[in-house]
Amino acid sequence: MSDDAPTAGGWFAGVDPDDLEAGATAIREERQATPRDWPTLAVGSGFADDEREYYDILKEATTRAAEAAVSEAERADDRQLVHAIRAMDDCERTANELAERLAEWAGTVDPDAGTGIEYARELADGHRELDTDDRRIASLAERVADLGDDADELREFVERRTPTVAPNLASLAGPVLAARLISLAGGLENLAKKPSGTIQVLGAEDALFAHLRGHAPSPKHGIIYVHDAVRGTHPDERGSAARALAGKLAIAARVDHYSGERKPELEGELTDRIETIQARTGGDTAEDDIDPGDGSDDADTDARGGTDE
Amino acid sequence: MPTPTLAEVPMSDGSLPVGVERREFDGTERLATRGEPVYGEPTDGEWRAWNPHRSKLGAMLALEMETGLSGGESVLYLGAASGTTVSHVADFAGPTYAVEFAPRPTRDLLEAGAPRPRLFPLLADARKPETYGHVVESNVDAIVQDVATRGQARVALENRRFLDDDGRLLLAVKARSEDVTREPAGVFDDVCATLEDGYELLEQRRLEPYHEDHLGIVARPR
């Protein structure tokens with residue numbers, strides 16, 4: 001588009017008035033910081049015969065643009081997310097398992113063999129040589145490193161996609177935990193229909209059924225254990241914290257599914273409530289090893305979820 | 001383009017714009033506009049009731065705030081959501097640009113907009129005016145803002161570029177979007193102080209009993 005045209009910057013610049021798609025694309029993709037008197041400019045440039053016609057074209061083009069954007073956003077659906085988070089878990093679990101095998105094997109030829117996926121990466125990238133001609137160990141290391149990369153990419157995808165699918169849930173729980181909840185419930189709609197008491201123990205099914213069979217205490221929390229609101233609270237009060245968190249997550253899931261609008265106040269309400277709960281055990285509450293980081297990557301909740309109360 | 005001098009235009013009914021009237025529905029007097037029904041509101045011929053409980057702007061009009069709206073003006077509506085309020089605006093105003101950020105409600109907005117030829121839906125973020133500055137015309141007569149986000153005053157300042165020098169900003173501030181834990185009064189003070197950077201505040205009023213913890217503001221550019 002030429003800069004000297006009097007219409008420069010307008011959505012209709014360089015667009016054929018009869019080409020609805022081109023107009024819609026320009027509306028969605030162009031940028032312009034300073035508004036101008038577009039109707040007059042459009043008529044002046046011959047894009048439309050008069051203001052009336054300009055507005056008629058604008059109506060069609062904006063409607064088409066909004067429709068396209070809406071249907072695109074709705075295709076970014078929760079099913080994709082469920083598959084991605086499950087694949088991510090599979091990749092991580094398999095990578096870790098193979099890395100363990102690798103460390104054991106490599107330990108027989110390399111006295112300084114490290115552990116984990118990091119060690120596999122060192123071997124795969126050639127930063128570390130093994131004192132053997134056996135390609136089999138190096139090949140296994142490559143497999144582990146690749147799986148680790150896949151898991152990282154899937155995590156990035158989940159972190160990017162969850163806020164589109166469930167904006168409120170993602171901002172309250174963090175994208176990864178939000179995706180896990182959606183996955184455990186079997187979809188956003190299912191999650192939106194669950195009572196908060198169910199969301200509270202999602203992921204602690206073993207403990208829950210042990211309890212229902214009558215030989216275990218009721219679990220206080222499932223996967224939401226990884227949330228700082230629960231993990232950062234003194235064990236005596238974690239039941240309350242989990243209940244409060246699950247309540248807000250249930251609301252967030254419902255808003256995301258049924259309306260899709262942002263409700264930023266949910267975060268403040270949760271913080272407020274959690275502070276009240278944590279204050280019961282007196283100021284400094286976090287007595288165990290919490291990491292204040294993302295807190296979203298701890299699959300080991302089942303056992304701990306059902307231990308006491 | 002003619003710029004209506006907003007305050008002086010004679011009104012049909014108190015301070016209501018032309019095209020908005022108080023009419024009787026089932027024995028109660030309610031605000032109403034003429035247009036296709038959108039959300040199951042009661043109708044009387046062409047007229048449909050405008051529920052101030054569901055609309056901040058409706059509440060501002062019901063509370064007789066001096067909105068400066070006279071009917072027929074160009075409007076930039078920020079935070080159109082499902083189109084409840086903006087459909088009424090399009091009924092009495094001229095070209096109405098409706099900006100909404102969330103895809104889900106935009107689907108309903110499209111439906112409300114279908115029978116309204118001068119209601120232009122835009123799926124965009126009101127905090128980023130450069131994403132719709134190539135579509136929304138300059139010198140609109142009124143900006144109506146009802147966005148549930150932090151930094152509502154900043155949104156109003158960012159969008160001042162669209163507003164005519166004699167235009168009006170009609171803003172509904174939601175205290176709970178800024179900070180749920182704070183007293184609304186304090187939040188409102190801060191929002192008003194920030195707004196003063198670009199606007200002269202003409203009138204402010206809490207929107208009770210229609211909306212709790214909301215402040216209605218009428219302002220004009222400085």
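Chain naming here is simple, since letters A, B, ... match the order of the sequence lines and numbering starts at 1 in each.
Put simply, the residue from Arg238(A), His227(A), Gln278(A) that forms a side chain to side chain donor-acceptor pair (under 3.5 Å) with Thr233(A) is Gln278(A). Checking each of Glu178(B), Arg176(B), Arg150(B) against Glu265(A) for a side-chain contact (heavy atoms from CB on, under 4.5 Å) leaves exactly one that passes, namely Arg176(B).
Contacts of Ala65(A) with chain B are absent, with no heavy-atom separation under 4.5 Å from either backbone or side chain. Contacts of Thr34(A) with chain B are made by backbone atoms alone, with heavy-atom separations under 4.5 Å and no side-chain atom involved. Proximity to chain A is limited to the side chain of Lys174(B), based on heavy atoms less than 4.5 angstrom apart. At a 4.5 Å heavy-atom cutoff, the contact between Asp56(A) and chain B is made by backbone and side-chain atoms alike. For Pro105(B), the parts sitting under 4.5 Å from any heavy atom of chain A are the backbone and the side chain alike. If you measure heavy-atom distances from Tyr97(B) to chain A, the contacts under 4.5 Å come from the side chain alone. Residue Val136(B) touches chain A through its backbone alone, counting heavy-atom pairs closer than 4.5 Å. Using a 4.5 Å cut-off between heavy atoms, Arg52(A) contacts chain B through both its backbone and its side chain. Using a 4.5 Å cut-off between heavy atoms, Ala124(B) does not touch chain A at all. Looking at Ala26(A), only its backbone comes within 4.5 Å of chain B, counting heavy atoms on both sides.
Glu73(B) places a side-chain N or O within 3.5 Å of a backbone atom of Ser70(B) that can act as its donor or acceptor partner. No donor-acceptor pair closer than 3.5 Å links the side chain of Asp213(B) to the backbone N or O of Ala175(B).
A perpendicular orientation is assigned to the rings of Tyr210(B) and His53(B), their planes being inclined by more than 60° (bins at 30° and 60°).
Contact count against chain A (heavy-atom pairs under 4.5 Å) is highest for Thr131(B) among Thr149(B), Thr131(B), Val147(B), Val140(B). Taking chain A as the reference chain and counting heavy-atom pairs below 4.5 Å, the highest number among Ala102(B), Ser177(B), Pro95(B) is found for Pro95(B). For chain B, the option among Arg31(A), Glu269(A), Lys59(A) with the highest count of heavy-atom pairs below 4.5 Å is Lys59(A). Per-residue heavy-atom pair counts under 4.5 Å with chain B were compared for Leu58(A), Leu266(A), Asp272(A), and the maximum is reached by Leu58(A). In terms of heavy-atom pairs under 4.5 angstrom with chain B, the leader among Arg262(A), Glu67(A), Glu60(A) is Glu67(A).
Residues Arg48(B) and Tyr39(B) have side chains in contact (heavy-atom distance under 4.5 Å, counting atoms from C-beta outward). Contact of the Leu195(B) side chain with the Leu171(B) side chain is registered, since non-hydrogen atoms from C-beta on lie closer than 4.5 Å. At a threshold of 4.5 Å between non-hydrogen side-chain atoms, the residues Val43(A) and Asp49(A) do not count as touching.
Salt-bridge annotation for Asp190(B) and Arg182(B): present, with a side-chain N of the basic residue lying under 4.0 Å from a carboxylate O of the acidic one. Taking a cutoff of 4.0 Å between a charged side-chain nitrogen and a carboxylate oxygen, Arg206(B) and Glu208(B) qualify as a salt bridge.
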